[in-house]
Trainee: 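One structure, as structure tokens, below. Some questions next.
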Amino acid sequence: MTLAETALSFLEEDCLRFFKSEGAKVFQQTEARYQDLLRGEDEPDSAAIQEHLRRNLFPAMAFYQTLREREISQEKALEYVRRETRRAAESKRERMRKLAGFPFTYRLYRMTVKRYMKKFFPEEGWRTEWVRWDGQEIHFNLHRCIYWDLTNAYGCPELCCVYCENDGIAFSGLLPKIRFERSGTLGGGAQYCDFHFLNTACREREETQ
């Protein structure tokens, strides 16, 4: 698998734009680092985790590590990676908007979210605590996350926050039917990542009563 097949499929184009004459080298180094990360990690049994590593986690990590190796400051490197992953999150936001266009969006989301989490965020990589799952709110906490585990293992825990930030961008596509809220993340120093999906129709009815 190459970077062109990942969530950062546009990275080569952006490297050429950001770094001008050095852009091709930056991208080539990032591609080589990505391949090193793929080879260096034992292939997980879970197909879902393989997908996370190949498509999302390792591409951004490879870009970040390449920039740091080129003596770009941590702050600046994080900003470059943030810009790229934000583009990927915006694509996911557009897919979420399609879901928000359906009638009974919250009900549909509630019916499918547990099955979705079990399939795409399996217990091999995430430890999920379901707190609330009713007509007003879906709330779960992640006490373990493979993104947090691996950014620590590869010596770049500061990168984890960039992945976390994109949840808010992606889930904003569920508005106005569902509002996403969060108070903290593992990457930001909290004890867990909390996910709250609020049924805005219920909230509006409560406020008018």
Side-chain angles (χ1 to χ4, degrees), residues 7 44-53 55-57 60-61 82 85-86 88-154 156-209:
D45 294 332
S46 167
I49 291 180
Q50 289 180 29
E51 187 74 359
H52 279 278
L53 299 185
R55 287 189 53 79
N56 300 313
L57 204 162
M61 184 182 288
R82 183 174 283 114
T85 58
R86 188 179 295 146
E90 286 168 354
S91 296
K92 186 175 180 181
R93 179 177 61 192
E94 295 309 308
R95 296 195 296 273
M96 292 286 183
R97 281 179 175 159
K98 293 180 181 179
L99 175 61
F102 286 106
F104 312 113
T105 298
Y106 181 84
R107 185 184 302 176
L108 178 62
Y109 199 75
R110 182 186 171 207
M111 287 171 57
T112 58
V113 66
K114 285 190 175 183
R115 186 166 63 250
Y116 180 90
M117 289 297 296
K118 184 175 182 179
K119 180 177 180 180
F120 294 106
F121 296 83
E123 60 184 11
E124 295 95 329
W126 291 265
R127 184 159 62 87
T128 306
E129 172 199 14
W130 290 94
V131 180
R132 186 172 178 181
W133 184 72
D134 57 32
Q136 295 184 333
E137 179 181 350
I138 299 163
H139 169 198
F140 60 88
N141 299 324
L142 294 181
H143 292 269
R144 182 197 167 204
C145 171
I146 199 168
Y147 286 79
W148 177 234
D149 291 347
L150 288 183
T151 52
N152 274 274
Y154 282 93
C156 49
E158 67 277 8
L159 181 61
C160 191
C161 287
V162 175
Y163 298 109
C164 299
E165 290 166 8
N166 291 313
D167 289 338
I169 296 171
F171 291 130
S172 68
L174 294 171
L175 288 168
K177 305 287 185 62
I178 301 172
R179 186 170 74 251
F180 172 70
E181 293 183 355
R182 165 181 281 162
S183 61
T185 64
L186 290 165
Q191 291 185 325
Y192 50 77
C193 305
D194 61 324
F195 290 73
H196 302 260
F197 298 90
L198 308 177
N199 185 347
T200 55
C202 281
R203 294 299 174 100
E204 290 170 359
R205 285 196 296 269
E206 289 174 358
E207 291 170 0
T208 58
Q209 289 176 354

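Small disclaimer: the values here were computed from a predicted structure and weren't measured.
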Trainee: At their closest point, which heavy atom of G187 faces which heavy atom of C161, and how far apart are they?
Mentor: O-SG, 3.2 Å
Trainee: Do the non-hydrogen side-chain atoms of F121 and T128 ever get within less than 4.5 Å of each other?
Mentor: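 No, side chains not in contact.
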Trainee: Side chains of residues 189-198: which donor-acceptor partners sit under 3.5 Å, not counting sequence neighbours?
Mentor:
unit_1: D194; atom_1: OD1; unit_2: S183; atom_2: N; d: 3.0
unit_1: D194; atom_1: OD1; unit_2: S183; atom_2: OG; d: 3.4
unit_1: D194; atom_1: OD1; unit_2: G184; atom_2: N; d: 3.0
unit_1: D194; atom_1: OD2; unit_2: S183; atom_2: N; d: 3.0
unit_1: D194; atom_1: OD2; unit_2: S183; atom_2: OG; d: 2.7
unit_1: D194; atom_1: OD2; unit_2: H196; atom_2: NE2; d: 2.9
unit_1: H196; atom_1: ND1; unit_2: E137; atom_2: OE2; d: 2.6

Trainee: Please list all pairs passing the side-chain hydrogen bond (donor to acceptor under 3.5 Å, both in side chains) test where one or both residues lie in residues 158-173, with sequence neighbours left out.
Mentor: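 The answer is Y64-E158, R82-E165, T85-N166, D167-R182.
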Trainee: Check whether any side-chain N or O of K177 sits under 3.5 Å from a backbone N or O of L99 as a donor-acceptor pair, and report yes or no.
Mentor: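 Judged by distance alone, no pair lies under 3.5 Å.
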Trainee: Identify, with sequence neighbours excluded, every residue that meets side-chain contact (heavy atoms from CB on, under 4.5 Å) alongside K92.
Mentor: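 For K92, the residues satisfying side-chain contact (heavy atoms from CB on, under 4.5 Å) (neighbours in sequence not counted) are R95, M96, A170.
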Trainee: Might you confirm whether atom CG of D45 has over 12 heavy atoms from other residues, nucleotides or ligands at distances under 6.0 Å?
Mentor: no
Trainee: Got a list of side-chain donor-acceptor pairs under 3.5 Å for residues 138-150, not counting sequence neighbours?
Mentor:
unit_1: H139; atom_1: NE2; unit_2: N141; atom_2: OD1; d: 2.9
unit_1: N141; atom_1: ND2; unit_2: E129; atom_2: OE1; d: 3.1
unit_1: H143; atom_1: NE2; unit_2: E129; atom_2: OE1; d: 2.7
unit_1: R144; atom_1: NE; unit_2: D149; atom_2: OD2; d: 2.7
unit_1: R144; atom_1: NH1; unit_2: E124; atom_2: O; d: 2.8
unit_1: R144; atom_1: NH2; unit_2: E124; atom_2: O; d: 3.3
unit_1: R144; atom_1: NH2; unit_2: D149; atom_2: OD2; d: 3.3
unit_1: Y147; atom_1: OH; unit_2: H52; atom_2: ND1; d: 2.8

Trainee: Output yes when a side-chain donor or acceptor of T200 lies under 3.5 Å from a complementary backbone atom of P176, and no otherwise.
Mentor: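 Yes, because the side chain of T200 sits within donor-acceptor range (under 3.5 Å) of the backbone of P176.
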Trainee: Using the side-chain contact (heavy atoms from CB on, under 4.5 Å) criterion, which residues pair with A7? Sequence neighbours excluded.
Mentor: R55, N56, A88
Trainee: Going by salt bridge (Lys or Arg N to Asp or Glu O under 4.0 Å), name the pairs with one or both residues in residues 101-116, residues two or more places apart or in two chains.
Mentor: none
Trainee: Using a 4.5 Å cut-off on heavy atoms from C-beta on, say whether the side chain of L186 contacts that of C160.
Mentor: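 The answer is no, as the side chains (C-beta and beyond) never meet within the 4.5 Å cut-off.
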Trainee: Considering only heavy atoms from C-beta outward, does the side chain of W130 approach that of M117 to under 4.5 Å?
Mentor: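 W130 vs M117: side chains touch.
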